[in-house]
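Structure first, then comments.
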Amino acid sequence: MTSDPSATGPPPDPKAGRFDALAAALRRVLLVVAVLAGLGALLPGSAGRAAAWAAIVVLMATPLVRVGWLGRRWFRRGDPRFGLVAVGVLAVVAVAALLG
Amino acid sequence: MTVAPLVVLVLALACAFGGSLGGIGGATLLVPVLLALGVDPLAAAPVGLVTVAAGSLASASRPLQDGLVHHRLGLTVELAASSGAVAGALASTAVPEVWLARVLGVAALVGAVAALARRGVRNRPDPTFHGETTGEWPGTLGGQYALDGRIVPYHARNLPGGLAASLVAGVVAGLSGVGGGFLKTPAMSEVMKVPVKVAAATTTFTLGITATTGLVVYGEQGRIDPHDAAAALIGAIAGGLLGARVQARIHATTARRVTGGLLLVVAAVVLGRTL
């Protein structure tokens with residue numbers, strides 16, 4: 001037997017799949033948004049209105065939660081400069097809510 | 001809105017399909033089309049930004065798994081883009097409708113040029129990076145991605161230029177309701193010298209934040225119609241997913257030419273109505 005690495009390909013990538021959980025979560029959120037939007041379009045009256053608003057709120061919250069998650073992750077991993085950038089982006093959205 | 005929700009759904013589906021084929025985003029087509037149908041620009045803009053956010057979410061997973069999204073770079077330029085979106089959204093109610101329509105017409109024109117002109121590969125594989133993983137380098141605006149099975153290192157340059165272009169893209173998004181991806185991706189690629197695949201994937205991520213920022217202001221202004229938004233959401237998600245599947249089977253240049261041609265027609269109609 002030989003241990004030639006070229007025969008078995010590159011060594012396992014230690015970072016492979018590090019965003020798989022996030023990607024799976026985003027797919028689930030997409031499904032939730034689609035279902036809520038479908039209900040919002042189909043249901044009459046206040047129920048449809050509530051479902052449509054719920055779809056919009058989940059849609060808008062998703063990128064903000066992702067930014068918060070990234071910022072927390074960078075602070076915890078010793079990358080405070082970009083952690084502050086993430087906080088800055090969330091601050092801009094907060095200012096938008098105040099000024100709107 | 002002067003257009004029924006079912007029509008909004010169909011239009012959002014068609015525009016998201018066409019936009020994802022051409023890589024420019026559905027709202028760049030949808031908002032000018034709504035204007036051409038007589039919809040008030042102030043009512044069309046929220047529908048556009050809802051489809052931008054939906055498109056960003058629908059196409060988020062694959063680039064993440066491929067290591068193409070540079071989160072640090074994305075959020076850095078997003079500071080400028082979101083600030084621009086707030087300013088644009090706040091100003092949109094004070095800007096005369098004819099000027100909003102002109103902004104959209106010019107945006108569609110720029111989108112057409114971006115779709116028709118995009119080409120080429122600048123960053124090349126580096127054999128010394130053989131066997132390494134893809135992704136961003138912590139603490140920096142650099143990283144590496146895979147091209148034809150080989151690793152390509154890159155580092156973003158000209159940050160002030162990229163921030164300025166993102167600010168403009170954000171203002172356009174807030175004013176008009178188009179995503180601004182047709183400005184952001186070329187800015188990241190041409191001004192900051194980031195590989196176009198990374199630029200496109202990172203822009204897709206940031207567009208969701210820009211759209212959310214604009215929608216926050218629109219929501220406070222009472223400009224979001226939930227039924228129209230729900231219809232646009234369904235159309236955008238379905239059209240975006242369908243477009244992504246078809247895009248893999250057709251030549252990218254052909255798709256961009258068709259989309260660019262459509263945008264030229266839309267720009268001509270929208271600008272023609274403002275004269």
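Chain A is the first sequence line, chain B the second, and so forth, proteins listed ahead of strands; every chain is numbered from 1.
With chain A as partner, the option from B:T76, B:L57, B:L215 having the largest number of non-hydrogen pairs under 4.5 angstrom is B:L57. Chain B forms more heavy-atom pairs under 4.5 Å with one residue of A:V93, A:V89, A:L98 than with any other, namely A:V89. Chain B forms the most heavy-atom pairs under 4.5 Å with one residue out of A:G48, A:A96, A:A91, and that residue is A:A96. For the set B:V217, B:L79, B:T213, the entry with the most heavy-atom pairs within less than 4.5 Å of chain A is B:L79. Put simply, of B:V50, B:T140, B:L9, B:T93, the one with the most heavy-atom pairs under 4.5 Å next to chain A is B:T140. Most heavy-atom pairs under 4.5 Å with chain A: of the set B:S82, B:A230, B:P226, B:A231, this distinction falls to B:P226.
For B:L90, the part lying under 4.5 angstrom from a heavy atom of chain A is the side chain only. Using a 4.5 Å cut-off between heavy atoms, B:V86 contacts chain A through its side chain alone, with no backbone atom that close. Within the 4.5 angstrom heavy-atom criterion, atoms from both the backbone and the side chain of A:L30 approach chain B. With a 4.5 Å cut-off on non-hydrogen atoms, B:I224 touches chain A through its backbone and its side chain both. Contacts of B:I237 with chain A are made by side-chain atoms alone, with heavy-atom separations under 4.5 Å and no backbone atom involved.
Residues A:L64 and B:T212 form a side-chain contact, since some pair of their non-hydrogen atoms from C-beta on lies under 4.5 Å apart. Side-chain atoms of B:R72 and A:V85, non-hydrogen and from C-beta on, never get closer than 4.5 Å to each other. When side chains are defined from C-beta on, A:F82 does not count as touching B:L73, because their heavy atoms never get closer than 4.5 Å.
Residues of residues 34-42 of chain A lying under 4.5 angstrom from chain B, judged on non-hydrogen atoms, are A:A34, A:A37, A:G38, A:G40, A:A41 by number.
Judged as a side-chain hydrogen bond (donor to acceptor under 3.5 Å, both in side chains), and not counting sequence neighbours, the contacts of B:S92 are B:R223. For B:A81, the side chain to side chain contact (heavy atoms under 4.5 Å, CB included) criterion is met by B:E78, B:S166, B:K184, B:T210, not counting sequence neighbours.
Minimum heavy-atom separation, A:I56 to B:A229: CD1-CB, 3.6 Å. Residues A:P63 and B:I209 come closest through the heavy atom pair CB-CG1, 3.9 Å. Pairing each heavy atom of A:L26 with each of B:A60, the nearest pair is CD1-CB, 3.7 Å.
The CG atom of B:L75 sits 4.5 Å away from atom CH2 of A:W74, with the distance rounded to the nearest 0.5 Å.
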Which atom pairs, one a donor and one an acceptor, fall under 3.5 Å between side chains of residues 66-73 of chain A and the rest of the protein, sequence neighbours left out?
| from | atom 1 | to | atom 2 | distance (Å) |
| --- | --- | --- | --- | --- |
| A:R66 | NH2 | B:H71 | NE2 | 3.0 |

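Within the 3.5 Å criterion, the main-chain N or O of B:G139 finds a donor-acceptor partner in the side chain of A:R81.
The 12-atom threshold is not exceeded at CZ of A:R77, counting heavy atoms of other residues, nucleotides or ligands nearer than 6.0 Å.
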